[in-house]
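First the structure, in the form of structure tokens, and then the observations on it.
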Amino acid sequence: MVFYCLCAGFILYTYKLWTHEEKPSFVSPQLIADGKLVWQKHNCQSCHQFYGLGGYLGPDLTNEFERWDNNAQVIEAFIRSGNNRMPSYNLTQDEMKALLGFLEAMNTTGNADPRHFAIRKDGMIE
Amino acid sequence: MNKVLCIMIAVALLMLLSALTFGSLAGLEYAFPGQLRQFIGFETLRPLHVSSALFWILIAASACVLWSLNELRPNRLSKELTIVQLVLWIVALCGVFYSYFSGRFGGREYWEFDPVWAGPIALAWLIMLINFVLAVRKWRHWPVYVWMWMTGMVFFLFIFAENQLWQLPYFKDKLISDMTIQWKVNGSIVGAWNQLLYGTAFYLMDRMDGKGKVGSSNMAFVMYFLGLFNLMFNWGHHVYTLPTAPYVRYIGYLVSMTEWVFFVRILYKWKSSWVEAKEHYNHFSYRFLLASNLWVFLNMGQAILMSIPAINLYTHGTHITVAHAMGTTIGINTMILLAACFEFLPMAYQSGVERKKWPKIMFHVGQVALLVFWLSLNLAGYLKGVWQMSEQQSSFRIMMQQLQIYFDVFASAGIVLFIVLGMMAIWLIKLWLKFYKNQNGIKKSIERKLV
């Protein structure tokens, strides 16, 4: 009985998450989907994070677009040249456009800097 | 049947060796970036290490559960299905490694291989579930470990399928919802394989004890349901900082706090555990179970603290999370599986192990190396946490340079772990293959001894 109740709760919770509506981005859905694939195809998540989730060799890239004053060319130049920690990536124009669109859309989802959270007395953050 | 499982255990141990090899190389590349890049980059080494470690846990857990079921319910498992399961795993492993070495990524964190190879893994899992049903049907009053195995198998399959949702157009272009689902999967799937492993640990305790009390006590069932509750709902602590629906944060926090029950119970049972440890300490496989208990204590304490959102702000996105992931996979999962790999060997082999001195020395060296490894990551994570919350933040590059000493210690301790666990894995592979070759002879000699 306990088992079935827990399973029912889990299914409801999962359904709620799957159907959760989020604010649409101004970047085209196709560009976001393609950019996400470029991100995964080159395994950027091995070293970088979004909202602190990912690998820790490189910095968090959630708000990277904003950090360079929304200047996509700076980010593109960095991806193409690399540095001593990051290899250079010779992406096609379409791949680069999609990846930059994905990063731009990610930037608009919120602020990944943990310092902007306020800590409540019960230990919760908001 | 045993012969197929011998091969399955040997394949799992090969994955452990692979995880150790690529893990050491990834650790070196992390501490000294760019040194190995002309041969193989960190972006390839990390998935090779992570996938090998996952496959070690999944294949070894599958083999241990099937082995246990074969002991509990002799001649009920289908040998043909077990062979198909093993073949599917081997196909998946070849595909995943080909995918990595040819640079064909495409999956998500922890499952970075070309998603096509998720197919044989899911199918192998489904076949194991069918085999499980064949073995346990018409069996009333399951002990707790059978419930745990069933839960682990069913939930793994569901969550593994959920992990592929991002390929559907409905989820593809969503950013935050998709990340929430991704981390729901990553959190819950660990809970699913932990059910298989803790179930095996319960079974081993019953088997060593010989009284069969552990698996049928009411307390064991209370703990099982609490574990299941956490598997389903506690993953929210991974995404506290994500701008997702606020109820995810609240549910994650509240459910995670129920882990205090496990923690307090460990403290409460400390004295009786100590007496039990003294009783079984000479039994080599028991030492791994004892070590896993200590690592459960350390990692659970750490996990509970990390689940408090105010503390999570400091630990999230830092090496403390890596310490937790490595501490649990090596300290808990690997220790339970090594205990099972030794324990399931026939007594004739085990007594051979217990006569030797070097495995015992290796065991202690491994525990110390793991502690150093864990502490160095925690210290690096603590400093990164202070950095990410400070108002006057230096650049990312400078912060990483300041942590270099901890990365050096972490990489060195990793090399020691590679040597110690690698030697044990090679030694176990040899023993299991020897057992595979001599099975009939061993059976007869044991029977003769018993007579």
Side-chain angles (χ1 to χ4, degrees), chain A residues 2-3 6-7 9-10 13-14 16-25 28-33 36-37 40-47 49-60 83-87 102 105-106 108-115 117 119-120 122-126, chain B residues 30 33-34 37 41-44 46-47 105-109 112 147 162 165-166 169 171-184 225 228-229 232-233 238-245 248-251 253 308-314 316-319 322 384 388-389 391 396:
Chain A
V2 180
F3 182 79
L6 282 174
C7 287
F10 178 70
Y13 189 32
T14 303
K16 183 112 175 101
L17 291 165
W18 286 6
T19 53
H20 179 74
E21 284 299 324
E22 71 179 61
K23 205 172 66 182
S25 172
S28 89
Q30 189 56 49
L31 207 58
I32 293 177
K36 199 190 273 183
L37 281 182
Q40 287 177 199
K41 186 179 150 195
H42 294 280
N43 205 14
C44 307
Q45 63 228 348
S46 254
C47 304
Q49 313 112 62
F50 287 131
Y51 289 100
L53 300 162
Y56 301 141
L57 189 57
D60 189 302
N83 66 7
N84 69 332
R85 280 181 183 266
M86 181 175 139
F102 173 59
M106 190 53 90
T108 59
T109 58
N111 185 351
D113 188 342
R115 289 173 298 182
F117 282 98
I119 299 173
R120 287 190 347 204
D122 59 2
M124 182 46 91
I125 54 172
E126 51 189 15
Chain B
Y30 193 91
R37 194 185 295 162
F42 184 77
E43 71 284 357
T44 308
R46 187 184 173 217
F105 303 106
R108 318 241 272 190
E109 199 182 1
E112 289 98 336
W147 276 99
E162 194 180 13
L165 284 181
W166 63 270
F171 296 93
K172 237 177 191 175
D173 55 1
K174 290 185 175 179
L175 291 170
I176 301 302
S177 304
D178 188 36
M179 278 183 83
T180 309
I181 294 169
Q182 182 187 356
W183 286 91
K184 171 185 183 282
F225 282 117
L228 178 61
F229 183 50
M232 292 169 167
F233 304 107
H238 291 284
V239 291
Y240 283 149
T241 58
L242 204 64
T244 186
V248 172
R249 212 180 280 166
Y250 284 96
I251 292 174
Y253 184 21
I308 299 170
I311 297 176
N312 185 276
L313 267 189
Y314 287 84
H316 183 71
T318 73
H319 303 82
V322 188
K384 190 181 175 194
Q388 72 185 15
M389 291 300 280
E391 288 304 324
F396 180 82

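Chain identifiers are assigned alphabetically (A, B, ...) following the order of the sequence lines, protein sequences preceding nucleic acid strands; residue numbering begins at 1 within each chain.
Between A/T14 and B/K184, the closest side-chain pair of non-hydrogen atoms falls below 4.5 Å. For the pair B/W166 and A/L37, the minimum side-chain heavy-atom distance is below 4.5 Å. Under the 4.5 Å side-chain criterion, counting only non-hydrogen atoms from C-beta, A/C7 is in contact with B/M232. Proximity of B/L228 to A/F10: side-chain heavy atoms (C-beta onward) are nowhere separated by under 4.5 Å.
A side-chain donor-acceptor contact under 3.5 Å links A/Q45 to the backbone of B/G107. Judged by distance alone, the side chain of A/K36 and the main-chain N or O of B/L175 form no donor-acceptor pair under 3.5 Å. With hydrogens and angles ignored, the 3.5 Å screen pairs a side-chain donor or acceptor of A/E22 with a backbone N or O of B/S177.
Below 30°, between 30° and 60°, or above 60°: for A/Y13 and B/F233 the angle between ring planes is between 30° and 60°, a tilted geometry.
B/F225 touches chain A through backbone and side chain together, each having a heavy atom under 4.5 Å away. Heavy-atom distances place both the backbone and the side chain of B/T241 under 4.5 Å from chain A. Contact annotation for B/I181: only side-chain heavy atoms (C-beta onward) come within less than 4.5 Å of a heavy atom of chain A. The part of B/R37 that comes within reach of chain A is its side chain, from C-beta onward, which places non-hydrogen atoms under 4.5 angstrom from that chain. Of the atoms belonging to B/V239, it is side-chain heavy atoms, and not backbone ones, that fall under 4.5 Å from chain A. Looking at B/Y253, only its side chain comes within 4.5 Å of chain A, counting heavy atoms on both sides. In this structure, no portion of B/I311 lies under 4.5 Å from any heavy atom of chain A. For chain B, the nearby parts of A/N43 are the backbone and the side chain; heavy atoms of each come within less than 4.5 Å. Of the atoms belonging to A/K23, not a single heavy atom falls under 4.5 Å from chain B. Neither the backbone nor the side chain of B/Q182 comes within contact range of chain A; no heavy atom of the residue lies under 4.5 Å from a heavy atom of that chain. Residue contact with chain B, scored on non-hydrogen atoms closer than 4.5 Å, involves the backbone and the side chain of A/A105 alike.
Judged as a ring pair (Phe, Tyr, Trp, His ring centres under 6.0 Å), and not counting sequence neighbours, B/H316 has no contacts. Partners of A/Q30 according to the side-chain contact (heavy atoms from CB on, under 4.5 Å) rule, which considers only residues two or more places apart in sequence or in another chain, are A/S28, A/D34.
Taking a 6.0 Å sphere around OH of B/Y30, one finds it holds more than 12 heavy atoms contributed by other residues, nucleotides or ligands. At most 12 heavy atoms of other shown residues, nucleotides or ligands fall within 6.0 angstrom of atom NZ in A/K41.
From B/F105, atom CZ reaches atom NE2 of A/H42 across 10.0 Å, with rounding to the nearest 0.5 Å. In this structure, CE in B/M179 is found 5.0 Å from CG in A/L53, a value given to the nearest 0.5 Å. Once rounded to the nearest 0.5 Å, the distance linking CG of B/D178 with NE2 of A/H20 reads 12.5 Å.
Of the listed residues (B/W147, B/Y314, B/F42, B/Y240), the greatest number of heavy-atom pairs within a distance under 4.5 Å of chain A belongs to B/F42. Put simply, of B/G41, B/P169, B/G106, the one with the most heavy-atom pairs under 4.5 Å next to chain A is B/G106. For chain A, the option among B/K172, B/R46, B/E162 with the highest count of heavy-atom pairs below 4.5 Å is B/R46.
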